[in-house]
Amino acid sequence: MANLTEDPVLEINGIKVKEEDTNLAIDNKVVVREEGQGERDMSPPGGNSIHRSGSRPQLDLSKAAIEGNFEEKDPIILLPNQSDDISHLAVDLGGSLIKLVYFSRHEDRSSNDKRKKTLKERLGISNGSRRSYPILGGRLHFVKFETNKINECLDFISSKQLHRGGMDSRWDSELPANNNAVIKATGGGAYKFADLFKERLGVSLDKEDEMDCLVAGANFLLKAIRHEAFTHMEGQKEFVQIDHNDLFPYLLVNIGSGVSVIKVDGDGKFQRVSGTNVGGGTYWGLGRLLTKCKSFDELLELSQRGDNRTIDMLVGDIYGGMDYSKIGLSASTIASSFGKAISENKELEDYRPEDISLSLLRMISYNIGQISYLNALRFGLKRIFFGGFFIRGHAYTMDTISFAVQFWSKGEAQAMFLRHEGFLGALGAFMSYEKHGLDDLMVHQLVERFPMGAPYTGGKIHGPPLGDLNEKISWMEKFVRKGNEITAPVPMAPTGTTGLGGFEVPSSKGETLRSDASALNIGVLHLVPTLEVFPLLADPKTYEPNTIDLADPSELEYWFTVLSEHLPDLVDKAVASEGGTEDAKRRGHAFARAFSAHLARLMEEPAAYGKLGLANLLELREECLREFHFVDAYRSIKQRENEASLAVLPDLLMELDSMSEETRLLTLIEGVLAANIFDWGSRACVDLYHKGTIIEIYRMSRNKMQRPWRVDDFDVFKERMFGSGDRKPPPHRRALLFVDNSGADIVLGMLPLARELLRRGTEVVLVANSLPALNDVTAMELPDIVAEAAKHCDILRRAAEAGGLLVDAMINTLDGSKENSSSVPLMVVENGCGSPCIDLRQVSSELAAAAKDADLIILEGMGRSLHTNYNARFKCDALKLAMVKNQRLAEKLIKGNIYNCVCRYEPAS
Ligand SMILES: Nc1ncnc2c1ncn2[C@@H]1O[C@H](COP(=O)(O)OP(=O)(O)O)[C@@H](O)[C@H]1O
Ligand SMILES: CC(C)(COP(=O)(O)O)[C@@H](O)C(=O)NCCC(=O)O
Ligand SMILES: [Mn+2]
């Protein structure tokens with residue numbers, strides 16, 4: 001684990017400043033510290049290198065000088081040329097809502113990792129190139145408040161010290177407030193509330209044009225977030241893949257208090273072509289007067305139980321129940337919104353508030369859809385993106401707008417919605433800080449996560465996201481104490497649409513509106529500038545990591561059940577891994593609640609967090625564990641299995657060495673497949689572990705290995721390795737081995753295979769997880785395992801030495817000599833993720849660098865080679881090895897049975 005006191009230092013005028021502290025820019029000063037004490041945040045303490053690693057801030061260190069006494073322990077360094085613009089907050093002060101986008105920095109504790117340092121030299125990754133990233137690694141948070149509760153917003157900013165250059169200033173509460181601080185602000189409130197911000201927070205608002213910000217925000221989202229835009233028709237949500245090169249022109253319709261219609265032709269190229277004063281403010285304002293609702297959500301919720309026919313005048317009302325088919329109007333089409341209210345002798349009290357709310361919502365949504373269509377028609381635009389918080393992720397609103405666009409354009413134009421709907425302006429304002437360089441960010445450098453604080457506190461619009469762990473746990477406990485199930489917010493059932501412009505009443509399944517959808521549907525955006533697309537993907541554009549389509553409801557239900565049933569055992573392991581203390585139990589309970597809540601939420605609305613695949617679910621579980629500070633739930637199991645396996649490794653190596661080359665290759669592949677049985681994520685396997693020791697199970701599994709395997713390309717692979725007849729193909733130059741589980745899997749399966757490749761002159765790179773997931777081995781753990789194995793094997797020892805893996809390890813070699821005879825190297829790289837699956841669109845920069853010279857990749861395990869990447873094609877030879885440890889997957893994928901094996905070989909495409 002990285003040792004903070006040994007972090008690399010930067011020298012500024014002879015004064016050493018720790019690299020990770022260099023963005024402590026407060027009042028143009030940098031504080032030199034002995035120890036990093038970054039934002040506590042929800043990340044696990046230490047070790048989680050890749051997610052926290054990132055680029056460095058762009059500090060202007062020129063003319064830096066010490067202020068005060070050089071002997072001081074923490075002297076302050078002035079950076080006279082460092083502008084104030086490393087700010088962390090931008091605000092959009094709207095007529096109804098205040099939107100905040102703020103940034104928190106990742107902790108980087110990985111810089112002292114020796115493995116990484118050697119690797120960097122070997123793979124030619126220089127520190128310099130890292131530093132050249134124009135943006136900071138960190139997280140973007142999205143929060144909103146009601147404008148009439150601006151004081152809560154100011155309290156929030158103040159409590160998080162966002163106006164003082166971000167979280168970092170909390171590191172020293174003694175520092176004076178930055179009186180020159182400037183925050184980017186947009187929306188009318190940037191004018192209206194400027195004095196209040198100065199008075200309460202001592203900050204000035206740097207005003208950015210609202211339209212500029214909307215467009216900048218929308219362009220950024222459409223380019224940088226994979227699942228940002230979606231269509232919503234008749235209750236069905238479908239994400240739309242936007243081609244970055246074919247984005248413009250489009251129509252942007254922002255439905256806030258009022259409505260702006262903007263024709264967007266490029267970055268910064270746009271024209272506000274229209275607008276309407278009948279918008280979100282109208283619905284909320286008029287709705288409040290007419291229904292006496294106390295909140296916007298209450299009004300929207302009412303609409304779900306409404307029947308607009310009691311108040312709207314329909315075509316059928318005028319035509320005696322008939323369609324007016326000659327002009328294409330069905331009897332159920334609304335002829336006149338609220339039209340019935342004129343013909344009857346009724347007062348407001350005589351109408352149900354539910355019906356009024358629905359009628360109003362329908363009137364306003366439909367009208368906006370229609371105006372949008374007309375403007376799209378005016379400029380020949382086919383795509384209309386809708387933003388603004390009026391939409392609020394509400395199914396009926398979106399369906400109505402979509403219907404209007406579709407109906408009037410006869411299907412020519414398409415309405416699309418944005419997950420970050422109301423945050424366009426705030427995001428645009430945030431991006432206007434020049435040095436953030438956010439506009440350079442690419443899809444693969446952004447990872448969206450859904451911590452509990454983000455989805456749930458948003459329910460109370462003015463409530464800040466849950467801060468520390470304790471707050472989160474207490475929040476979860478509140479539900480438990482009340483005996484409440486954390487009920488998944490219930491989405492609306494698909495609204496019934498009858499052709500010809502008529503709408504039936506939304507057949508609302510649930511009684512309640514899902515809690516704040518806008519907060520639920522977006523997470524925290526992690527900016528990880530070091531992530532890259534895996535360079536060996538044959539076609540990154542068409543690459544889809546997930547094999548199983550969870551859009552199929554029966555698949556979804558099955559995998560949800562699997563995950564739910566696994567939960568109690570996982571909690572046990574997690575709690576035990578933290579010593580079984582009361583605190584650990586409390587966290588374990590909260591974790592279980594939180595993860596169940598995610599599952600329930602996703603079961604109700606699978607696309608709530610973007611397009612959902614099994615890989616996302618499995619990763620969500622790991623992230624959720626980390627959120628409740630379970631750093632490594634299977635720590636002791638992994639250790640135990642590693643030790644048991646290392647003890648029998650020498651015998652296995654001897655056995656292998658007595659074989660002919662060809663028999664050995666087959667035995668090695670059999671060994672990998674057999675040892676892949678050690679998977680603590682599989683229900684069936686965990687049951688099996690009660691039946692014997694690790695070694696007994698390993699032997700049993702090996703004895704059962706029988707070819708042909710269910711998918712068996714071994715002979716083709718063997719031919720590539722040994723050739724046929726006189727043809728002797730050259731060995732591969734470099735192999736990337738994506739390893740899976742700890743214990744037998746890595747020690748008795750993958751390491752012996754790596755050794756064979758090394759023996760043949762192939763460089764080997766073991767690619768392991770950056771963060772723990774189930775019992776998967778991590779990149780951090782591998783050097784020690786390799787060092788132990790190398791004690792029994794010269795091939796491994798020499799290769800590990802050549803690969804810089806044994807720098808620290810005190811190993812006693814077999815013959816006692818330490819000469820470094822030439823060997824191809826054995827290296828370890830981290831893959832950039834903390835999940836049992838791998839999405840090759842987002843891998844660590846060191847894996848991407850290692851891939852450049854690779855001509856063979858071996859993906860091992862169910863997560864990495866079946867759940868994900870089974871259908872992935874590569875530019876180099878690829879071998880996919882896994883034992884299928886789930887009956888349903890076996891049936892579905894290979895028409896086989898549980899414990900069948902897959903050895904799929906695909907030569908370079
Ligand atoms: N909790 C809420 N309180 C008030 N209005 C809300 C809320 N949630 C959604 N809305 C809707 O969102 C509209 C404001 O959208 P927004 O995009 O923030 O615009 P603005 O910048 O004008 O405030 C409101 O007029 C209302 O229709
Ligand atoms: C999480 C896993 C993909 C890990 O498998 P591995 O990659 O270790 O082979 C796998 O354990 C899994 O799909 N488990 C759930 C299925 C079950 O319990 O049957
Ligand atoms: Mn695994």
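First listed ligand is number 1; within each ligand, the first listed atom is number 1.
When only interatomic distances are considered, the shortest N/O to N/O separation between S96 and ligand 1 falls below 3.5 Å. Polar contact check, D679 against ligand 2: a nitrogen or oxygen pair lies under 3.5 Å apart. The N/O atoms of G863, backbone and side chain alike, include one that comes under 3.5 Å of an N/O atom in ligand 2. Geometrically, ligand 1 and G281 share a nitrogen or oxygen pair separated by less than 3.5 Å. Some N or O of G280 is nearer than 3.5 Å to an N or O of ligand 1, by distance alone. Remark: ligand 2 and V562 share no N or O pair separated by less than 3.5 Å (distance only, no angle test). Not one N or O of G94 is nearer than 3.5 Å to an N or O of ligand 1, by distance alone. Taking distance alone, with nitrogen or oxygen atoms compared against 3.5 Å, S257 approaches ligand 1 more closely than that limit.
The shell of residues lying under 4.0 angstrom from ligand 1, judged by heavy atoms, excludes G187. At a 4.0 Å cut-off, not a single heavy atom of E421 sits close enough to ligand 1 to count as contact. Using a 4.0 angstrom heavy-atom cutoff, W559 counts as in contact with ligand 2.
Look at R683 and D569 and you find no salt bridge, because none of the NZ, NE, NH1 or NH2 atoms lies under 4.0 Å from a carboxylate O.
Of the candidates F390, F145, F296, F296 brings a heavy atom nearest to atom 7 (C) of ligand 1. When L859, N886, V884 are checked for heavy-atom proximity to atom 16 (C) of ligand 2, N886 turns out nearest.
Note on ring orientation: taking the six-membered ring where Trp is involved, the planes of F142 and H420 are tilted (angle from 30° to 60°). Classification of the F417-F230 ring pair by plane angle, with boundaries at 30° and 60°, yields tilted.
Closest to atom 18 (O) of ligand 2 among all protein heavy atoms lies R683 N, 2.9 Å. In terms of protein heavy-atom proximity, atom 13 (O) of ligand 2 is nearest to H867 NE2, 2.7 Å. Of the protein's non-hydrogen atoms, the one nearest atom 6 (P) of ligand 2 is D740 OD2, 3.0 Å. Protein heavy atom at the shortest distance from atom 9 (O) of ligand 2 is K885 NZ, 2.5 Å. Taking atom 15 (C) of ligand 2 as the reference point, the nearest protein heavy-atom neighbour is G681 O, 3.3 Å. Distance from atom 12 (C) of ligand 2 to its nearest protein heavy atom, with residue and atom name: M862 CE, 3.5 Å.
Closest non-hydrogen pair, T868 versus I838, comes out as OG1-N, 3.3 Å. Across I894 and R710, no two heavy atoms sit closer than the pair O-NE, 3.0 Å. Across all their heavy atoms, E421 and N254 have their closest contact at O-OD1, 4.3 Å. The two residues C293 and L302 have their closest heavy-atom pair at SG-CD1, 3.4 Å. The minimum heavy-atom distance linking G280 with F390 is given by the pair CA-CD1, 3.5 Å. Summarising the geometry of E210 relative to G188, their closest heavy-atom pair is OE1-N, 3.9 Å, with the distance given to 0.1 Å.
Under a 4.0 Å criterion applied to the non-hydrogen atoms of L774, ligand 2 contributes the atoms 1 (C). Counting the atoms of ligand 1 from 1 in the order shown, those under 4.0 Å from a heavy atom of K99 are 16 (P), 18 (O), 19 (O), 20 (P), 21 (O), 23 (O). For ligand 1, the atoms sitting less than 4.0 Å from at least one non-hydrogen atom of E146 are 1 (N), 3 (N), numbered in the order shown with element in parentheses. Each of the following atoms of ligand 2 lies closer than 4.0 Å to a heavy atom of N676: 9 (O). Each of the atoms 4 (C), 5 (N) of ligand 1 lies under 4.0 Å from some heavy atom of W284. The N741 neighbourhood of ligand 2 comprises atoms 8 (O), with distances under 4.0 Å to a heavy atom of that residue. Interface atoms of ligand 1 facing G388, defined by a heavy-atom separation under 4.0 Å, are 17 (O).
The environment of E557 atom CD is sparse: at most 12 non-hydrogen atoms of other residues, nucleotides or ligands sit within 6.0 angstrom. Few gaps surround CZ on R702; more than 12 heavy atoms of other groups in view lie less than 6.0 Å from it.
When heavy-atom distances to ligand 2 are checked against a 4.0 Å cut-off, N775 has no atom that comes that close, whether in backbone or side chain. Residue-level proximity to ligand 2 for L889 is absent, since no heavy atom of it falls below 4.0 angstrom.
Under the side chain to side chain contact (heavy atoms under 4.5 Å, CB included) rule, L736 has a single partner from V829, L847, N831, L859, which is L847. For the side chain to side chain contact (heavy atoms under 4.5 Å, CB included) with T276, the qualifying choice from I364, V259, V253 is V259, the only one to do so.
L300 is listed as a side-chain neighbour of H394, based on a closest heavy-atom distance under 4.5 Å. Counting heavy atoms from C-beta on, the side chains of F270 and L252 never come closer than 4.5 Å.
For the Mn ion (ligand 3), protein N, O or S atoms closer than 2.8 Å were enumerated as D740 OD1, N741 OD1, D776 OD1, with waters left out.
With Y899 as the aromatic partner, K704 does not meet the cation-pi criteria of under 6.0 angstrom to the ring centre and within 45 degrees of the ring axis. A cation-pi arrangement is found for R888 relative to Y558, the charged atom lying closer than 6.0 Å to the ring centre and inside a 45° cone about the ring normal.
Note that the CH2 atom of W680 and the CG atom of N775 stand 8.0 Å from one another [nearest 0.5 Å].
F389 and F423 have their aromatic ring centers within a separation under 6.0 angstrom.
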